[in-house]
Amino acid sequence: MSRTVFLNGQYLPEEDAKISIFDRGFLMADGVYEVVSVLDGKLLEFDGHLARLERSLNELEMGKPKDYDDLLEINRELVRLNNIESGRVYWQITRGAADRDFVYPKDAEPTLVLFTQEAGLIDTPASKTGIKVIFADDLRWHRRDIKTVQLLYPSMCKMMAKAAGKHDAWLVEDGKITEGSSNNAYIVKDGQIITRELSNDILHGITRNSVLRLAKEAQLQVVERSFTEEEARNADEAFITSATTFVQPVVEIDNAQIGDGTPGPIAKRLLEIYIEESRKTGI
Ligand code: PDD
């Protein structure tokens with residue numbers, strides 16, 4: 001059955017939603033996006049994702065689409081129309097359609113697209129067994145704090161991981177881990193949760209922000225600093241966070257088994273706390 005999607009003010013069957021061949025998202029990857037999870041039919045971390053979207057738009061001097069102020073309502077309507085109990089909503093905004101030019105067009109109307117996906121979020125196989133990651137050079141541009149639709153390198157990294165029989169890649173720059181290909185990366189050593197500090201080197205994860213706050217509230221020790229490949233391989237535990245994975249344990253890094261090769265206690269606890277909090281705060 002076809003989904004209902006949202007395009008520039010209209011709810012449409014997905015096959016009827018069409019955009020211009022001159023859309024700058026298509027021509028120049030001139031667009032930004034967000035992904036919001038839906039649990040029990042409720043949107044998680046809506047305000048955080050909206051704030052980051054606004055920041056991405058500002059950083060790229062991109063205007064807001066017409067229906068921007070109705071985003072919450074549009075999300076809720078799409079969740080309702082597509083009967084999403086567990087899944088996600090993607091928000092995609094591009095600078096709009098204009099004759100091809102590197103210079104930003106003055107009068108283009110931004111394109112706004114929202115679509116849903118159904119997906120399991122709780123008790124997923126990966127949360128039970130953990131995932132295995134490889135290292136890959138971080139070859140992305142240096143404004144990783146902006147959530148743009150330039151996702152080719154992350155796709156290539158996922159393909160490299162798949163070819164190696166693993167699940168994902170952790171990206172490495174100057175011998176230090178920046179983040180996962182589509183998530184933030186953490187190790188645990190001697191009870192300390194270690195994750196790279198915020199800068200333009202990584203995306204400022206909305207899940208990261210909540211998980212670190214919840215960790216501190218649970219009296220766990222959090223240290224925001226970069227860590228090396230060697231430290232990652234020798235970690236007691238490791239995990240990733242993102243809107244789509246929540247807290248997902250990592251049990252192998254660059255062929256080194258982490259801990260006893262099963263999800264570690266801190267990752268498991270943080271996942272439980274995060275789900276509990278999400279069930280309370282979803283809107
Ligand atoms: N990815 N780092 C990168 C490079 C990401 O692409 C993501 C999210 C994160 C985690 O951010 P958040 O906790 O706000 O989801 C970190 C999403 C899930 C995606 O592209 O599918």
Side-chain angles (χ1 to χ4, degrees), residues 25 29 31-39 43-56 59 75 86-93 113-121 124 126-127 131 133 135-161 167-173 176-186 193 195-215 224 226 238-248 250 267 270-271 273-275 277-278 281-282:
V32 298
Y33 77 111
E34 287 293 329
V35 193
V36 174
S37 272
V38 178
L39 183 62
L43 300 156
L44 306 189
E45 310 253 26
F46 181 86
D47 291 342
H49 288 284
L50 189 67
R52 187 173 62 194
L53 177 67
E54 186 131 356
R55 182 175 180 280
S56 294
E59 291 298 312
N75 272 271
S86 171
R88 42 200 173 239
V89 188
Y90 286 82
W91 314 346
Q92 312 277 148
I93 298 180
V113 170
L114 282 86
F115 63 91
T116 55
Q117 274 183 349
E118 278 190 59
L121 290 170
T124 57
S127 69
I131 61 163
V133 302
F135 287 143
D137 287 343
D138 197 337
L139 301 181
R140 299 172 301 164
W141 76 332
H142 284 273
R143 289 306 306 275
R144 303 161 191 156
D145 56 311
I146 308 174
K147 197 163 170 65
T148 77
V149 298
Q150 303 173 95
L151 294 173
L152 191 52
Y153 192 60
S155 284
M156 289 169 74
C157 290
K158 303 257 187 212
M159 295 308 291
M160 287 186 245
H167 303 92
D168 205 353
W170 277 13
L171 306 179
V172 182
E173 192 167 59
K176 309 250 174 78
I177 310 320
T178 51
E179 60 186 331
S181 67
S182 65
N183 41 68
N184 291 115
Y186 306 73
I193 300 167
T195 193
R196 196 176 176 107
E197 71 281 7
L198 296 180
S199 72
N200 292 355
D201 295 339
I202 62 169
L203 186 73
H204 301 187
I206 304 305
T207 322
R208 175 190 184 281
N209 188 47
S210 295
V211 166
L212 293 188
R213 175 177 50 78
L214 293 168
E224 293 181 61
S226 53
F239 59 93
I240 57 168
T241 64
S242 78
T244 52
T245 58
F246 297 173
V247 179
Q248 200 167 77
V250 172
L270 287 175
L271 176 59
I273 299 174
Y274 186 76
I275 292 172
E277 167 91 355
S278 297
T281 55

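Counting starts at 1 for both ligands and their atoms, in listed order.
Residues that satisfy the salt bridge (charged side-chain N to carboxylate O under 4.0 Å, His left out) test with E59, not counting sequence neighbours, are R143.
Here the shortest heavy-atom pairing between R144 and D201 reads CD-O, 2.8 Å. Among all heavy-atom pairs drawn from W170 and F239, the shortest one is CZ2-O, 3.8 Å.
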Quick one: ligand 1 N/O to protein N/O pairs below 3.5 Å?
{"residue": "ligand 1", "atom": "1 (N)", "partner": "K147", "partner atom": "NZ", "Å": "3.3"}
{"residue": "ligand 1", "atom": "1 (N)", "partner": "S182", "partner atom": "O", "Å": "3.2"}
{"residue": "ligand 1", "atom": "2 (N)", "partner": "E179", "partner atom": "OE1", "Å": "2.6"}
{"residue": "ligand 1", "atom": "13 (O)", "partner": "I206", "partner atom": "N", "Å": "3.4"}
{"residue": "ligand 1", "atom": "13 (O)", "partner": "T207", "partner atom": "N", "Å": "3.0"}
{"residue": "ligand 1", "atom": "13 (O)", "partner": "T207", "partner atom": "OG1", "Å": "2.6"}
{"residue": "ligand 1", "atom": "14 (O)", "partner": "R52", "partner atom": "NH1", "Å": "2.8"}
{"residue": "ligand 1", "atom": "14 (O)", "partner": "R52", "partner atom": "NH2", "Å": "3.0"}
{"residue": "ligand 1", "atom": "14 (O)", "partner": "I206", "partner atom": "N", "Å": "2.8"}
{"residue": "ligand 1", "atom": "15 (O)", "partner": "A243", "partner atom": "N", "Å": "2.8"}
{"residue": "ligand 1", "atom": "20 (O)", "partner": "Y33", "partner atom": "OH", "Å": "2.5"}

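A salt bridge links E224 and R208; the closest N-O separation between the charged side-chain nitrogens and carboxylate oxygens is under 4.0 Å. Taking 4.0 Å as the cut-off between side-chain N and carboxylate O, E179 and R196 do not count as a salt-bridged pair.
A donor atom on one side chain and an acceptor atom on the other are not found under 3.5 Å apart for E277 and S210.
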